[in-house]
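Numbers restart at 1 for each chain; the letters A, B, ... are given by sequence-line order, proteins then strands.
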Amino acid sequence: MAGVGYLGLRNAIKCLKRARSTASLQHYSASAAAAPHYPGIVESTDEFRFVERLIPPSRVPEPPKHQQYPTPSGWTPPSAEPPPLPYTVRRSRMHNIPVYTDITHGNRKMTVIRKISGDIWALEQEVKSYLTQLTGKCPPTQVNEVTMSIRVKGYYDTELKAWLTEKGF
Amino acid sequence: MFRISLTLCCREIGKRFASTLSGEGGLPSNLRLAPNLVEFSRTERPPAAGSGLPVLRQCEVEIPSHLTARQAWLESLRGYEDEQLGLVDLHPDVFAVPPRLDILHEVAIWQKNFKRISHAKVKTRAEVRGGGRKPWQQKGSGRARHGSIRSPLWRGGGVAHGPRGPTSYYYMLPMRVRVMGLKVALSAKLAQDYLHIVDSLEMPTPDSQYILDLARHRHWGDSVLIVDVKEDLPENILKATEDLKTINVMPAIGLNVHSMLKHETLVLTLDAVSFLEKKLLWHDCRYSPLYPFKLPYSDLP
């Protein structure tokens with residue numbers, strides 16, 4: 001169904017291009033065997049705005065300003081001023097915190113924090129101390145300096161997302 | 001520490017590629033300094049951001065609040081001494097990304113291999129002429145048993161597991177990996193002082209020797225890649241670089257990692273910088289394609 005819609009859109013776009021590029025049509029004069037009030041053929045490209053408004057955007061829009069945060073879905077924007085920490089965690093292209101769960105072998109649960117820049121080891125220490133405080137035991141972590149990401153054993157995505165949002169990232 | 005070793009690694013790669021195009025033989029490559037470091041006191045550095053010098057070009061795309069723009073000197077090809085006409089702001093998400101050498105390697109190898117079609121083909125025992133008949137009877141002759149004279153065991157027989165026909169090594173890396181490769185290459189060039197920004201490609205003469213002397217005077221290095229946006233360039237630069245092997249001009253759509261690594265210095269015009277920033281930064285904030293990007297969307301860069 002999406003394919004049919006896509007082909008229809010493609011044909012509409014082809015018509016749009018062809019109409020725009022042809023030379024102007026001959027205007028039939030009103031005197032050519034028609035009543036005097038008949039306007040003749042009028043060429044108009046204004047109606048193509050109905051096609052153009054259907055063409056989708058390619059960029060993710062900036063989220064609108066809400067009165068109250070967190071929004072009903074639980075989203076909070078990053079703070080306007082970058083927090084005064086030696087590291088930064090950037091938002092994903094959909095404006096979310098880049099913390100993801102991962103599972104391998106069916107039972108090996110991990111949490112990944114991506115898009116880190118700055119002092120990644122300082123962030124690792126803070127993550128370890130925060131999770132030790134939460135759970136009581138220190139979870140094993142892996143720092144990948146090439147991809148600038150941290151992998152933590154266990155599922156801590158909700159806690160880490162809330163913690164990073166509280167920091168202002 | 002890891003970052004320092006990566007920067008040194010970048011420098012090593014730069015020097016190694018320089019040696020393939022250098023005119024002077026002489027010293028081995030590990031004892032030779034890069035040409036733009038020899039006998040050249042580096043006093044003219046672009047000053048720190050916010051020092052009051054006129055910034056002639058601001059980034060059109062917004063820079064995130066936790067990053068600052070990188071700066072480079074604006075130069076000109078019109079005269080030998082037109083080296084510091086002003087400052088140019090460069091977007092950090094294009095010109096200051098972390099040096100991902102693994103992505104650079106991936107993209108360079110992809111560029112080399114995806115066009116490759118190897119035409120090597122050898123005949124199998126079925127294709128070699130002859131060999132349909134059993135050479136001698138199965139039992140009684142005293143010799144080893146064989147079914148055809150063209151089996152792989154025989155001299156003149158077919159090859160058992162040889163290359164078979166035109167083989168394609170085509171594969172495509174994800175679009176964002178290729179884009180990241182371009183960003184890493186541009187960042188590496190800027191970090192190693194191999195990037196120069198020029199206002200336009202207008203030259204006073206169509207003389208090849210002029211541009212060679214200019215490159216030598218400004219310590220640009222052995223090979224220069226000049227990039228502009230438009231394809232109809234001024235005649236002078238086209239004529240000057242026509243017969244030169246080491247100095248090449250290219251439109252911005254043709255910019256690629258292999259050319260950037262092959263040439264030592266990269267010279268971009270201001271229009272090329274805006275074009276590259278617009279195109280490369282769009283990939284950071286775009287949706288995944290609903291239909292191919294070749295078809296129109298309402299806000300393609």
Side-chain angles (χ1 to χ4, degrees), chain A residues 2-17 20 48-49 51-63 77-95 98 114-121 143-149 167-169, chain B residues 1-7 9-10 60-68 70 91-93 95-106 174-177 179-181 183-184 187-188 277-301:
Chain A
V4 167
Y6 151 51
L7 282 172
L9 186 62
R10 194 178 188 178
N11 291 334
I13 290 160
K14 268 195 200 155
C15 289
L16 180 87
K17 281 196 185 154
R20 287 257 164 95
F48 283 106
R49 60 190 171 87
V51 174
E52 281 167 1
R53 71 185 187 182
L54 293 173
I55 301 176
S58 65
R59 278 172 234 248
V60 180
E62 288 296 322
S79 61
E81 281 296 312
L85 293 161
Y87 48 82
T88 327
V89 178
R90 291 178 83 160
R91 292 272 177 137
S92 70
R93 63 187 63 221
M94 299 294 181
H95 310 289
R114 277 188 62 239
K115 296 194 76 135
I116 304 168
S117 46
D119 190 353
I120 196 170
W121 294 99
V143 166
N144 188 334
E145 279 190 1
V146 177
T147 56
M148 293 301 267
S149 59
K167 286 199 176 256
F169 290 120
Chain B
M1 178 203 67
F2 186 68
R3 297 293 182 86
I4 295 167
S5 60
L6 269 179
T7 325
C9 212
C10 274
E60 279 132 37
V61 184
E62 215 184 290
I63 301 177
S65 50
H66 66 277
L67 297 169
T68 49
R70 299 294 181 270
H91 200 290
D93 276 338
F95 289 94
V97 298
R100 290 291 302 269
L101 296 187
D102 56 324
I103 291 183
L104 213 55
H105 169 82
E106 258 187 39
M175 202 191 296
R176 291 186 212 152
V177 173
V179 164
M180 194 66 197
K183 288 180 186 166
V184 170
S187 310
E277 281 186 359
K278 204 167 50 138
K279 293 273 181 181
L280 295 178
L281 288 168
W282 171 70
H283 289 276
D284 283 341
C285 60
R286 64 167 173 86
Y287 285 116
S288 34
L290 198 57
Y291 47 84
F293 286 124
K294 289 195 166 70
L295 297 174
Y297 281 78
S298 58
D299 58 355
L300 281 181

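The minimum heavy-atom distance between Tyr291(B) and Ile55(A), with the atom names listed, is OH-CG2, 3.8 Å. Of all heavy-atom pairs between Val146(A) and Arg100(B), the closest is O-CD, 3.2 Å. Across all their heavy atoms, Tyr287(B) and Pro61(A) have their closest contact at OH-CD, 3.2 Å. Phe293(B) and Ser58(A) make their closest contact through CE2-CB, 4.5 Å (heavy atoms, listed as atom of the first residue, atom of the second, distance).
For residues 88-95 of chain A, a heavy-atom distance under 4.5 Å to chain B picks out Thr88(A), Arg90(A), Arg93(A), Met94(A), given by residue number.
Sorted by first and then second residue, the pairs that involve residues 284-296 of chain B and meet salt bridge (charged side-chain N to carboxylate O under 4.0 Å, His left out), not counting sequence neighbours, are Lys183(B)-Asp284(B).
Only the side chain of Leu290(B) comes within less than 4.5 Å of a heavy atom of chain A; its backbone N, CA, C and O stay farther away. Contacts between Pro301(B) and chain A at a heavy-atom distance below 4.5 Å involve backbone atoms as well as side-chain atoms.
The OG atom of Ser298(B) lies 10.0 Å from the CD atom of Glu52(A); values are rounded to the nearest 0.5 Å. Within the model, atoms NE2 of His283(B) and CZ of Arg59(A) stand 10.5 Å from one another, a figure rounded to the nearest 0.5 Å.
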